[in-house]
Number of protein chains: 2
Amino acid sequence: MSPSSPPSSKTPADAPRTAAPRRRQRLSTEERERQIIEGAIQFFSEHGLAGQMRELATTIGVSHPLVFHYFPSKKALIERVYAEVYLGRWKPEWEHRVKDRSEPFEERVTRVYIDYARTILTKEWVRILIHSALADGYINDNYLTLVGERLLRPIIGETRIELGLDDDREPTEAENELIWGLHGGIFYIGVRHWIYGHKFPENLPQVVTDRVRAFVLAAREIFPREAGKPAG
Amino acid sequence: MSPSSPPSSKTPADAPRTAAPRRRQRLSTEERERQIIEGAIQFFSEHGLAGQMRELATTIGVSHPLVFHYFPSKKALIERVYAEVYLGRWKPEWEHRVKDRSEPFEERVTRVYIDYARTILTKEWVRILIHSALADGYINDNYLTLVGERLLRPIIGETRIELGLDDDREPTEAENELIWGLHGGIFYIGVRHWIYGHKFPENLPQVVTDRVRAFVLAAREIFPREAGKPAG
DNA sequence: TCCGCTTTTGACCAACTGGTAAATTGTTAG
DNA sequence: CTAACAATTTACCAGTTGGTCAAAAGCGGA
């Protein structure tokens, strides 16, 4: 960066050599740790999990060994980021609301997905998930299992009940594809915006509502198709 | 890997110490270049664009300076991979078939998307696109513009005609979201398989057919909604 | 068989990168 | 005001990585 200027300056008023002379600021352990985590979430979402620790430290405004003082290794920091972003934002109420038959079926699913969309459609959430998926699949096995069991499977069950079908059998391929098509399509809104750089929908609730509507309309044709056949 | 076996062998028949003693094999420029490109496509799809040149060379079975003999830099090699995989596989006939009104509308779209799905749902295609999108967005600006103009925009036009609507106005947000939902949902089949490790659909044509059906059903509700309002 | 051209490689370089250790400095209790 | 503790940084290390260069070795033609 600096075009080979030897560290020969003397006057305090001089321009900083490499970066701002870094006024050393002491924070409490909790504050600094919080600051590092938040900085890491932003940084890794932009630069990927392969981003450098030195660069991360610079964006936070500290030296890079300090990060190692708070987290024993890069991997430990990344795992903490996972826990904060994915496990920390999951709402168990989604599953309950899907199953709450005091409300009409389509409205239940719509309202849950509007809230789900609001929760996950953030830059960090979308980009870190994709980065992780490509890197080692660490999140998938945890997070997507959670999604499948706690959200999609219950929706398949409720859909069958809504359509007056037997709801005990394993989901068929067509049923699975349909619900994953809805789920993935909503996630893909985030991919389009934060990865492809497309414009974010102005009216997200309307878009989600339309998606759920498309799901319900298709389910009426597709779910009954194999309802009579034996499972497996 | 090898549990600490000291390199103490002497006889020529012994197992090679580090790797096979690499029998030097001369190929024509064309053959070797082809081999490097194909190897790079596979390698980068698995290890990401940050994968090391040495490791790539090893999987091909050559030394890493040889790769630099054929491509001046890593970046040049990656750009060649882009061109091979994305530009090389696009079929202009897709746009023509969408507009060919001798066939019923839904069948046209279905058949084009079945072929499109077969073309892009490969490991290299899906993984390299995502890697690239995260890294620098190099492909998006090129490839997704192509998709939008040559495939999605024509489908919106044909859908409006099919529904008896004015087809001159700019696509509304709801229309755009719906067609991108279809398109993204199909791409997301690949993401689920090659990035998340889910099972690939046994009956892909049926899955695509169902998706197009869901699109058409929803379009009948959504497309007429703003058809009367002024554009913009 | 041997010459000469082109492919291929071993050795090397400089910048980068995760991580360590000891010196430094801000803060607070007494 | 000072000692002592903890937060923070400077200096450093070893392994990695894209890229270079001159030497080595296949291969076709004479």
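Convention: sequence-line order gives letters A, B, ...; per-chain numbering from 1. Treat the numbers as computed from the prediction; the structure is a model and nothing was measured.
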- Query: B:T29 side chain N/O closer than 4.0 Å to the phosphate oxygens (OP1, OP2) of C:dT7?
  - Reply: yes
- Query: Between B:R32 and C:dT7, does any side-chain N or O lie under 4.0 Å from OP1 or OP2?
  - Reply: no
Spacing of [X] atom [atom1] relative to [N] atom [atom2], expressed in whole Å:
X: B:L27; N: D:dA25; atom1: CG; atom2: P; result: 18 Å
X: A:I60; N: D:dT9; atom1: CD1; atom2: C1'; result: 15 Å
X: A:Q25; N: D:dA6; atom1: CD; atom2: C1'; result: 16 Å
X: B:E33; N: C:dT7; atom1: CD; atom2: C1'; result: 14 Å
X: A:H69; N: D:dC5; atom1: NE2; atom2: C1'; result: 12 Å
X: B:Y70; N: C:dT6; atom1: OH; atom2: P; result: 12 Å
X: A:E30; N: D:dA6; atom1: CD; atom2: C1'; result: 13 Å
X: A:R34; N: D:dA7; atom1: CZ; atom2: C1'; result: 19 Å

- Is a side-chain donor-acceptor pair under 3.5 Å present for B:T110 with B:R213? no
- Query: Between A:H183 and A:Y113, do the side chains contain an N or O donor and an N or O acceptor separated by less than 3.5 Å?
  - Reply: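 Looking only at side-chain atoms, A:Y113 and A:H183 do form a donor-acceptor pair, the distance falling under 3.5 Å.
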- Message: Listing request: all salt bridge (charged side-chain N to carboxylate O under 4.0 Å, His left out) pairs with a residue in residues 33-53 of chain A, at least two apart in sequence or in separate chains.
- Response: A:E33-A:R80, A:R34-A:E38, A:R34-A:E84, A:E46-A:K123
Between protein and nucleotides 18-22 of chain D, what N or O pairs are separated by less than 3.5 Å?
| residue | atom | partner | partner atom | Å |
| --- | --- | --- | --- | --- |
| D:dG18 | OP1 | B:K74 | NZ | 3.0 |
| D:dG18 | OP2 | B:M53 | N | 3.0 |
| D:dG18 | N7 | B:R54 | NH1 | 2.7 |
| D:dG18 | O6 | B:R54 | NH2 | 2.8 |
| D:dG19 | OP2 | B:K74 | N | 2.8 |
| D:dG19 | N7 | B:H64 | NE2 | 3.1 |
| D:dG19 | O6 | B:R54 | NH2 | 3.0 |
| D:dG19 | O6 | B:H64 | NE2 | 3.1 |

- Item | Earlier contact from the 5' end, DNA chain C, for B:R26 and B:V67 | B:R26
- Message: If you count every heavy atom of other residues, nucleotides or ligands that lies below 6.0 Å from B:R97 atom CZ, does the total exceed 12?
- Response: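 Counting other residues, nucleotides and ligands, CZ of B:R97 exceeds 12 neighbours.
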- Query: How would you list, by chain and number, every residue that makes a ring pair (Phe, Tyr, Trp, His ring centres under 6.0 Å) with A:H193, sequence neighbours excluded?
  - Reply: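 Only A:F200 meet the ring pair (Phe, Tyr, Trp, His ring centres under 6.0 Å) criterion with A:H193.
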- Item | Side-chain ion pair, A:R153 and A:E175, N-O less than 4.0 Å |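 No, this pair does not count.
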- Would you classify A:F71 as touching base, sugar-phosphate or nothing, given that sugar-phosphate means primed atoms plus P, OP1 and OP2, and contacts are heavy atoms under 4.0 Å?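 Contact class for A:F71: none.
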- Within the 6.0 Å centroid threshold, strictly below: A:W180 and B:Y196: no
